[in-house]
Amino acid sequence: MENRRSEPRLILLFSGKRKSGKDYVTDLIQRSLGSALCCVLRLSGPLKQRYAQEHGLDLDQLLSAGPYKEQYRANMIHWGETRRRADPGFFCRLATKEAWQPVWVVSDARRLSDVQWFQAEFPQQTQLVRVGCSDRTRQQRGWSFTAGVDDSESECGLDTGVQFDWIVNNDAGGASLDEQLQPLLKLARESADRH
Ligand SMILES: Nc1ncnc2c1ncn2[C@@H]1O[C@H](COP(=O)(O)OP(=O)(O)OP(=O)(O)O)[C@@H](O)[C@H]1O
Ligand SMILES: C[C@@](O)(CCOP(=O)(O)O)CC(=O)O
């Protein structure tokens, strides 16, 4: 167990395919709950930071939703996997070490080792959330199938072997996100109230 200023009351551990809307949905949750209650943590944050530093790249662009990061994705995956092989919790620890809010929204679990790390560290607090949408919607958001990325562990590592507590459908023109997120927001507020 890490040395922390305070323990989280709830961790919503999100996963989903590229362009399913993980960032969009987790940002929406954060804005609804406010920054005193909730932070969004990205496991890819410390990864991109170090990768950008080592390779002389633009970190802001790597962190944003545009095409820039896609140019480097396959190489970043490979680079991160080398780190993870030595220490599967490496990026989980870095991403969570400054968090102090009662509710943590982790936007980008990708591998069983990510899920296992949170479930081992925070067995009572961790809830698994899957964001999904059709490939057609993903394509409208700029996705196209890339061999070596979309068939890799980074994208497929949680396709099986995991029981999700919550499923959010983020299809364009699909069920209202606001309505789907209400139970999660309620759970988050109740968990924080017990703080
Ligand atoms: N419900 C939505 N309504 C409008 N735009 C959306 C919605 N969901 C996602 N988007 C847009 O689609 C694009 C991809 O979404 P986002 O970056 O959240 O996906 P992601 O799953 O985090 O993708 P990646 O794995 O590539 O980081 C963004 O431009 C985002 O603003
Ligand atoms: C390299 C990687 O962290 C990129 C994630 O970027 P994003 O969450 O899609 O913005 C994916 C991975 O860790 O396999």
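When reading the values below, keep in mind they use all heavy atoms of this one structure, side chains included, and skip hydrogens, waters and symmetry mates. Along the sequence shown, residues are numbered consecutively beginning with 1. Just so we're clear, the structure is a prediction, and the values are computed from it rather than from any experiment.
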Participant: Working note: F118 + I11, criterion side chain to side chain contact (heavy atoms under 4.5 Å, CB included); need CA distance, chi angles, decisive distance, verdict.
Facilitator: CA-CA 8 Å; F118 280 95; I11 301 173; 4.0 Å; yes
Participant: Between S64 (side chain) and Q61 (backbone), is there a donor-acceptor pair under 3.5 Å?
Facilitator: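 Side chain of S64 to backbone of Q61: a pair is present.
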Participant: Any ion pair linking R93 and E121 (charged N to carboxylate O, less than 4.0 Å)?
Facilitator: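 Not counted as a salt bridge, because no side-chain N and carboxylate O are separated by less than 4.0 Å.
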Participant: Looking at Q127 and L10, would you say the former's side chain and the latter's main chain have a donor-acceptor pair under 3.5 Å?
Facilitator: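 Judged by distance alone, no pair lies under 3.5 Å.
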Participant: Quick one: does E153's side chain have a donor or acceptor within less than 3.5 Å of a partner on R111's backbone?
Facilitator: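 Not at all, since once roles are kept as given, no pair shorter than 3.5 Å links the two residues.
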Participant: Quick check against the 3.5 Å criterion: does R130 have a side-chain atom that pairs as donor or acceptor with the backbone of I167?
Facilitator: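 Not confirmed, R130 side chain does not pair with I167 backbone.
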Participant: Would you check if the side chain of N170 reaches a backbone N or O of G132 as a donor-acceptor pair within less than 3.5 Å?
Facilitator: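 Here the side-chain-to-backbone pair does not exist.
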Participant: Determine, step by step, whether K17 and D159 satisfy the salt bridge (charged side-chain N to carboxylate O under 4.0 Å, His left out) criterion, reporting the C-alpha distance in whole Å, the side-chain angles of both residues, the deciding distance to 0.1 Å, and the verdict.
Facilitator: CA-CA 9 Å; K17 303 281 184 182; D159 283 358; 3.0 Å; yes
Participant: Decide whether W166 and Q180 meet the rule of one side-chain donor and one side-chain acceptor closer than 3.5 Å.
Facilitator: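 The answer is no; no qualifying pair exists.
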Participant: Salt bridge or not between R9 and D193? Use side-chain N to carboxylate O under 4.0 Å.
Facilitator: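 Result for this pair is no, no salt bridge flagged.
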Participant: Between D150 and W143, do the side chains contain an N or O donor and an N or O acceptor separated by less than 3.5 Å?
Facilitator: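 Distance-only check passes for D150 and W143.
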Participant: I'd like to know if E81 and R84 make a salt bridge, using a cut-off of under 4.0 Å between side-chain N and carboxylate O.
Facilitator: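 Not counted as a salt bridge, because no side-chain N and carboxylate O are separated by less than 4.0 Å.
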Participant: With salt bridge (charged side-chain N to carboxylate O under 4.0 Å, His left out) as the test, would you mind laying out the steps for R194 and E190 before giving the verdict?
Facilitator: CA-CA 7 Å; R194 292 200 302 269; E190 286 170 357; 5.5 Å; no
Participant: For a side chain to side chain contact (heavy atoms under 4.5 Å, CB included) check, start with the C-alpha distance between L94 and Q49, then their side-chain angles and the critical distance, and finish with the verdict.
Facilitator: CA-CA 11 Å; L94 281 177; Q49 197 174 27; over 6 Å; no
Participant: Are the side chain of T137 and the backbone N or O of C133 linked by a donor-acceptor pair below 3.5 Å?
Facilitator: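 Flag not set: sc T137 to bb C133 has no pair under 3.5 Å.
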Participant: So, does E155 use its side chain to make a donor-acceptor pair with the main chain of R18 at under 3.5 Å?
Facilitator: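 Here the side-chain-to-backbone pair exists.
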Participant: Take D27 and R42, measure what salt bridge (charged side-chain N to carboxylate O under 4.0 Å, His left out) needs, and give me the verdict at the end.
Facilitator: CA-CA 11 Å; D27 284 347; R42 296 191 166 85; 3.1 Å; yes
